[in-house]
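Data block below; observations after.
Counting begins at 1 with the first residue of the sequence.
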Amino acid sequence: QEELDESGGGLAQAGGSLRLSCAVSGLTSSSRTVGWFRQSPGKERDFVASISLTDATTWYAHSVKGRFTISGDIATNMFFLTMNNLKPEDTAVYYCAASIIPAHYATRSDFGSWGQGTQVTVSS
């Protein structure tokens with residue numbers, strides 16, 4: 001069972017940048033995908049980005065494509081979400097998660113291991 005620990009959240013101004021980190025332990029040969037999700041109060045937890053652990057292919061939600069970049073270092077089991085040109089609507093708790101399902105068709109319910117989340121607040 002993977003364990004994940006997010007860090008790097010905080011307060012940013014609109015147009016600014018933040019970089020979130022996710023330390024993952026317990027990855028096995030069955031692990032296929034690491035993803036980032038976010039949840040605002042009263043809303044569902046939404047997909048943000050994911051990266052394949054087999055070929056590093058990345059996927060993004062339409063709302064963040066071109067502004068956010070997911071990356072990872074398999075050797076150190078560290079994964080990152082670099083967020084540029086932040087908008088107030090990016091305000092949420094951000095979670096990283098791991099899945100044994102390949103990234104190109106993993107859905108939220110396929111992610112079985114989650115971190116505790118880190119708060120990102122973007123002021124206008």
Got Phe47 and Trp59 here, is their nearest side-chain heavy-atom distance under 4.5 Å? yes
Is there a side-chain contact between Thr82 and Phe68 in this structure, where contact means two heavy atoms from C-beta onward sitting under 4.5 Å apart? no
Please report the closest heavy-atom contact between [X] and [Y], naming both atoms and the distance.
X      : Y     : value
Tyr94  : Asp90 : OH-O, 2.6 Å
Ala49  : Leu81 : CB-CD1, 4.2 Å
Val122 : Thr91 : N-OG1, 2.9 Å

Out of curiosity, [X] [atom1] to [Y] [atom2], how far, rounded to the nearest 0.5 Å?
X     : Y      : atom1 : atom2 : value
Arg38 : Glu89  : CZ    : CD    : 8.0 Å
Phe79 : Ser50  : CZ    : OG    : 11.5 Å
Cys96 : Asp5   : SG    : CG    : 7.5 Å
Met83 : Leu20  : CE    : CG    : 4.0 Å
Leu86 : Ser123 : CG    : OG    : 10.0 Å
Trp36 : Thr118 : CH2   : OG1   : 7.5 Å

Report the C-alpha distance between Phe111 and Tyr95 in whole Å, list the side-chain angles of each, state the deciding distance to 0.1 Å, and finish with yes or no for ring pair (Phe, Tyr, Trp, His ring centres under 6.0 Å). CA-CA 11 Å; Phe111 287 81; Tyr95 299 87; over 10 Å; no
When the ring centroid of Trp114 is compared with that of Phe37, is the distance short of 6.0 Å? yes
Donor-acceptor contact present, side-chain [X] to main-chain [Y], <3.5 Å:
X      : Y      : result
Arg108 : Arg45  : yes
Ser113 : Glu3   : no
Glu6   : Gln116 : yes

Do Leu4 and Ile74 land in one hydrophobic cluster if side-chain heavy atoms of ILVMFWY residues count as linked below 4.5 Å? yes
Cluster link Tyr60 to Val34, ILVMFWY, side chain under 4.5 Å: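 Yes.
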With sequence neighbours excluded, give me every side-chain hydrogen bond (donor to acceptor under 3.5 Å, both in side chains) pair touching residues 14-33. Glu2-Ser31, Ser17-Asn84
Does Gln119 CD have over 12 foreign heavy atoms under 6.0 Å away?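 Yes, the 6.0 Å shell around CD holds more than 12 heavy atoms from other groups.
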Kindly check if the number of other-residue, nucleotide or ligand heavy atoms within 6.0 Å of CG (Leu27) is above 12?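 Buried by this count: over 12 neighbours within 6.0 Å.
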